[in-house]
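For reference, the structure is listed below as structure tokens.
Order of the sequence lines fixes the chain letters, A, B, ..., with proteins taken first and strands second; residue numbering starts at 1 for each chain.
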Number of protein chains: 2
Amino acid sequence: MTTIKEVSRRAKVSMATVSRVLNNTVPVAEETRLRVLEAVEALNYKPNAFARGLVTNRSGGIGVVINEISSPFYSGIVRGIEEVAEAKGLHLLVSSGHAQASLERRAVESLKQRRADALILQLEALPDDDLVRWAQGDTPVIVVGRLIPELAGRCVYLDNVAGGYLATKHLIEHGHRQIAHLAGWLAIKDARDRLEGYKRALDDAGLPFDERLVIAGNFTEEGGQRGAEELLARGRPFTAIVASNDQMAAGALHTFRAHGLRVPEDVSLIGYDDVLFARYLFPALTTIRQPLAEMGRAAARLALAALGAEKPKEVTTRFDPVLVARDSVISTADP
Amino acid sequence: MTTIKEVSRRAKVSMATVSRVLNNTVPVAEETRLRVLEAVEALNYKPNAFARGLVTNRSGGIGVVINEISSPFYSGIVRGIEEVAEAKGLHLLVSSGHAQASLERRAVESLKQRRADALILQLEALPDDDLVRWAQGDTPVIVVGRLIPELAGRCVYLDNVAGGYLATKHLIEHGHRQIAHLAGWLAIKDARDRLEGYKRALDDAGLPFDERLVIAGNFTEEGGQRGAEELLARGRPFTAIVASNDQMAAGALHTFRAHGLRVPEDVSLIGYDDVLFARYLFPALTTIRQPLAEMGRAAARLALAALGAEKPKEVTTRFDPVLVARDSVISTADP
DNA sequence: CTGAAAGCGCTTACAG
DNA sequence: CTGAAAGCGCTTACAG
């Protein structure tokens, strides 16, 4: 690896000058500049990021911890983050938290130690307190997926209670009265919020809440399958289901089909997220959309603003769930 | 941020000693060790990664460039990489290449500059030459998704010609004679290889190759939809389709349904990849499986071995496509 | 506009 | 087993 010293030697200038032309910090005589650039080119010089970071205390990277990089849901967020970070020449340091407190903590500490310029955290296990404490450190912290009062303005989130409500209300408006809920993993707040929304919608419509119609799953296709099986086994009649995400809805669809039940003729089904494959299921899945990439972009912009790389423009920080009506819900009167 | 100096002061030892207990490089008297540890704890000291990297020339991170982080296909690979890297305490530096030569090159250069300890590269646009040249540098390079003769043993790949062949042969064995192909983006080698496999299988079966039955798509659901539309519009009769990936198959399924065509009764369909949602489509998609996570793990192990963090165990480097028969293919005799 | 020098926070021979 | 010192490769006041 060539160093700045070799470049300075070749260009017959001091190391300081090389540094100046590379970083564009102060004006340098055009002739000198050219000589330096020529040397840089000829020697294929790349500044050592460690040395630079040691003195500037900047890494040029944004640290991201996301629950599960390989899930279509979370990677949609990462994609949005990447898009804007890349445009600013910042790179990403990504870790998965796997919804485990110890892993989440380790990931954040490691990111801080490596001096990520900003942290975008989508954590599931750690309590708000930890986030608040980290946010008090020198590294700007942006929170995805929760609203923490102390950190308002640094949180990008979607109201999942409203989303659960919206989904349930949609079914109620289609005449359904016995509505089951395939809940997500209740250790995750999103799951609890959607359940809460479901309850409120029932309540507002004067419908009783029946816990036998609620199954806690785990946000996976397989969880949806098992949940649907159990629901069927319980024998409580229902005409519609609110699934806590699209993957569980896909699993439920599968199970119903295996049991000879038709969706939506025999049971209406609504998902949550609107991941890419939702519209390719059969029937095309009615669902609640979360604008994942957009949320990721918002988080990245907030991070850029926090670290001063970008003017703090207006950044939408609160997103609303929107209903995407496709073919998996039908009125009870219809068939 | 506390520094090693403050720790050494508190523990009443030299900085060298602090460094020694933290890195476990040489034996340190137990009593001293405890004092140091106490100070580290009390001061909540975290070594500065830049300073450490500057002298060791190691970052403790593995650089990954992958075509598209948010695609279910690629993120499956990343997940495998992450799994083994995490277990070794190495972090990941991830960039997307977006199948563009300039972005791929930029990503790799950036990773090298940041002194990633090893590079795992899944590139689409750059030619083998670039990979070979990089591999000659000081950073170990592992290649995912191609076999480069000069870098054999450092390549994790799956024979896509064999996969395309396998898919096509499966249809032929079910009596199909007019088999169309929804190709992927032909700028990507995987797409070309699968097409090649398709041709060979036809040839081996004595079936003519008809280019009017081949549509070049782009590996997305939407591409599959459009491809299927065009295929229908061309009016050439066909009884089965080989799609170059599952996402395109999902799109085609959608289009056929819209046209009142049933899969598999009217047209058999086989996908490629076996991404998670493949089995949740209706009909459940027959496809060619790629063991993504396993390939990612293999790449990570190769990287660890290359950088000496792990004994070079036996690592499978070549993977075979396997047929997963589900419900989207039927014999021509059957219906 | 440019150079000499200090310093960022570590690790690692070199002595003892 | 431990300490003093050099050095990793940059950037940034400080002078001129």
* To do: Calculate the interatomic distance between B/R33 atom CZ and D/dT2 atom P; express it in whole Å.
  => 11 Å
Any side-chain heavy atom of [X] sitting closer than 4.5 Å to one from [Y]?
{"X": "B/L304", "Y": "B/V84", "value": "yes"}
{"X": "A/E82", "Y": "B/I69", "value": "yes"}
{"X": "B/R297", "Y": "B/E83", "value": "yes"}
{"X": "B/P140", "Y": "B/R154", "value": "yes"}

* For C/dC1, does either OP1 or OP2 sit under 4.0 Å from a side-chain N or O belonging to A/T32? -> no
* **Salt bridge present between A/K189 and A/E124 (N-O < 4.0 angstrom)** => no
* Give a yes or no on whether a salt bridge exists between B/R79 and A/E68, defined as a side-chain N under 4.0 angstrom from a carboxylate O. => no
* Shortest non-hydrogen contact from A/Y157 to A/R318? -> OH-CD, 3.3 Å
* Got more than 12 heavy atoms from elsewhere within 6.0 Å of CD, A/E30? -> yes
* To do: Produce a footprint string for nucleotides 6-16 of chain C: one letter per nucleotide, 5' end first; B if the base is under 4.0 Å from any protein heavy atom, S if only the sugar-phosphate is, - if neither.
  => --BBBBBB---
* Structure fact -> Stems for DNA chain C (at least 3 consecutive Watson-Crick or G-U pairs, under 3.5 Å) come to C:1-3 with D:14-16, C:5-12 with D:5-12, C:14-16 with D:1-3
